[in-house]
Amino acid sequence: MNMLTNQDISIVKGMLLRGDKQHDIAAHFGCNSGRIAEVALGKVGPNVPAASVARLPAASAQPKRFFAPGMPLEEQIAIFNALANGPFDVARAHYISPELAEHILQHNTQNRPKRTGNIARWAANMADGEWGLTGETIVFSKSPVRLLDGQHRLAACVKAGVGFRTFVAFGIDRGEFTKINTGAVKTNGDALAILGVSDPSCVAAALRWRHLLLSNPHDRSSLTNEFIVQQWKALDKSPLGVQLKEFCVQARGIVKATKKNGSSVFTPGQLAGILLRLHVVDEKATAKFIQSLETQKGNGKVLTTRLEKISEFGRINDVGRAGMIVKAWLATRDGTAISAKGVVYDPSTDAFPHVG
């Protein structure tokens, strides 16, 4: 709080007479130490009587539950650890220093990729004193403690070098993180990044395309973060999950090998997801098809060249590209060489190729 009531001032005076340190009193009230100094010097509430000992909070009976400006970082970390391990309160407003924000970020590495534009804009607001106490909350999970929401605000605090007040909630179930900030742009890749998945954007897109090939490739709706997380958890540590990671590596290699003028006709996530689906149908044919893409020979070369030709007239339709990839794979499985005309697929008129 920035303003102390007369009742607060009375208790402050009583604590001062008892010999409590000013920064401890400030921590108790969740205010700046300067407010306590003003009371001690008689600048604030000079006529307010000191509270009796019976009305004072027990001295050091409970762990401190608030951070205060100017508090040593070691003390801030100790209070943070006490709060993070319960008992859990409802969300409360706390002062977060740049040093504490940096400490939190250093120990919470499994977050979604940072949006540098947001960080720079918010840091400028904080530095200019234009960042007030909003209803937004920084959220931490139960033990093992993990930052679930608030990475960008903490990063802005560090960048600005200015502390800020914010509501903080501890003890939230980690399974609820996909529901946090559902109104904000949190991609499927962001959701997987928080889980610590390597190359989360590729894995998320691959899971989406695997699902589309198993259901309806023409479905243009987005899949929820919760769905993608469930899909990943079902595959994680399984042979298919390991294979998906390998396909992401191979797909990125193919994208790099087919770049012209800084761009490729393939996207790694889509390619990895399609390869994963085709791998289940015919492992040997898929391995042979990947080799043709990596070496840019045979059906892989025909497919790439045709896609490059289409790209000259504008953006490639992703369903159309998916169909062409499958058609080139089908020819590879059948042991035939596909022609430039034969690899074409029009999603507006043609049925999607059946892979079995």
Side-chain angles (χ1 to χ4, degrees), residues 1-104 125-140 145 150 153-154 156-158 160-172:
M1 61 185 72
N2 291 323
M3 298 298 295
L4 296 173
T5 66
N6 284 345
Q7 183 178 351
D8 294 333
I9 294 170
S10 177
I11 293 175
V12 168
K13 287 186 175 182
M15 295 175 76
L16 288 168
L17 289 174
R18 187 174 63 183
D20 292 10
K21 294 181 179 180
Q22 290 188 17
H23 67 79
D24 288 338
I25 301 173
H28 174 78
F29 284 98
C31 69
N32 191 296
S33 296
R35 297 287 180 266
I36 307 303
E38 290 173 347
V39 174
L41 294 172
K43 294 181 178 179
V44 173
N47 299 319
V48 177
S52 65
V53 175
R55 291 177 53 205
L56 302 182
S60 303
Q62 298 292 332
K64 295 169 186 172
R65 308 290 288 180
F66 287 99
F67 309 109
M71 181 183 288
L73 178 59
E74 294 77 7
E75 191 171 354
Q76 295 179 57
I77 294 172
I79 294 174
F80 175 85
N81 291 336
L83 291 167
N85 288 286
F88 300 117
D89 300 315
V90 295
R92 292 188 180 186
H94 288 279
Y95 171 83
I96 304 296
S97 70
E99 296 79 12
L100 180 60
E102 186 171 21
H103 169 80
I104 293 170
N125 290 340
M126 290 180 182
D128 292 340
E130 297 177 356
W131 189 275
L133 180 63
T134 69
E136 291 185 287
T137 306
I138 293 178
V139 183
F140 295 92
V145 180
R153 280 163 283 163
L154 292 173
C157 173
V158 173
V162 175
F164 72 111
R165 284 178 58 75
T166 179
F167 283 94
V168 181
F170 293 92
I172 304 302

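Minimum interatomic distance between Cys157 and Ala101 (heavy atoms only, all atoms of both residues): SG-CB, 4.0 Å. The minimum heavy-atom distance between Met126 and Ala156, with the atom names listed, is SD-C, 3.8 Å. The heavy-atom pair separating Arg55 from Ser10 by the smallest distance is NH1-OG, 3.5 Å. Across Ala169 and Thr137, no two heavy atoms sit closer than the pair N-CG2, 3.6 Å. Heavy atoms only, all atoms of each residue included: Gly150 and Ile138 are closest at CA-CG1, 4.2 Å. Of all the heavy atoms in Ile11 and Leu56, the pair that sits closest is O-CD2, 3.6 Å.
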- Should Val158 and Leu154 be marked as a side-chain contact (heavy atoms from CB on, under 4.5 Å) after you check the CA-CA gap, both sets of side-chain angles, and the distance that decides it? CA-CA 6 Å; Val158 173; Leu154 292 173; 5.7 Å; no

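Applying the side chain to side chain donor-acceptor pair (under 3.5 Å) test to Gln76 and every residue at least two apart in sequence or in another chain returns Ser97. Checked against side-chain contact (heavy atoms from CB on, under 4.5 Å), Ala93 has the following partners two or more places apart in sequence or in another chain: Leu133, Arg165, Phe167. Partners of Ala50 under the side-chain contact (heavy atoms from CB on, under 4.5 Å) rule, at least two apart in sequence or in another chain, are Lys13, Leu17. Every side-chain contact (heavy atoms from CB on, under 4.5 Å) that Ser33 has, sequence neighbours left out, goes to His23, Ala26.
To the nearest 0.5 Å, atom CZ of residue Phe80 and atom CD1 of residue Ile104 are 4.5 Å apart. From Phe29, atom CZ reaches atom CG of Asp8 across 4.5 Å, with rounding to the nearest 0.5 Å. Rounding to the nearest 0.5 angstrom, the gap separating the CD1 atom in Ile77 from the NE2 atom in His103 is 4.0 Å. Distance check, rounded to the nearest 0.5 Å: CZ of Arg35 to CD1 of Ile9 gives 11.0 Å.
In this structure, Trp131 and Arg153 have side chains that are in contact, with non-hydrogen atoms separated by less than 4.5 Å. Between Ile79 and Met71 there is a side-chain heavy-atom pair separated by less than 4.5 Å. Contact of the Phe140 side chain with the Leu83 side chain is not registered, since no non-hydrogen atoms from C-beta on lie closer than 4.5 Å.
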Give the table of side-chain donor-acceptor pairs shorter than 3.5 Å for residues 37-48, with sequence neighbours excluded, one pair per line with atom names and distance.
none

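Ring geometry for Phe170 versus His94: interplanar angle over 60°, hence perpendicular rather than tilted (30 to 60°).
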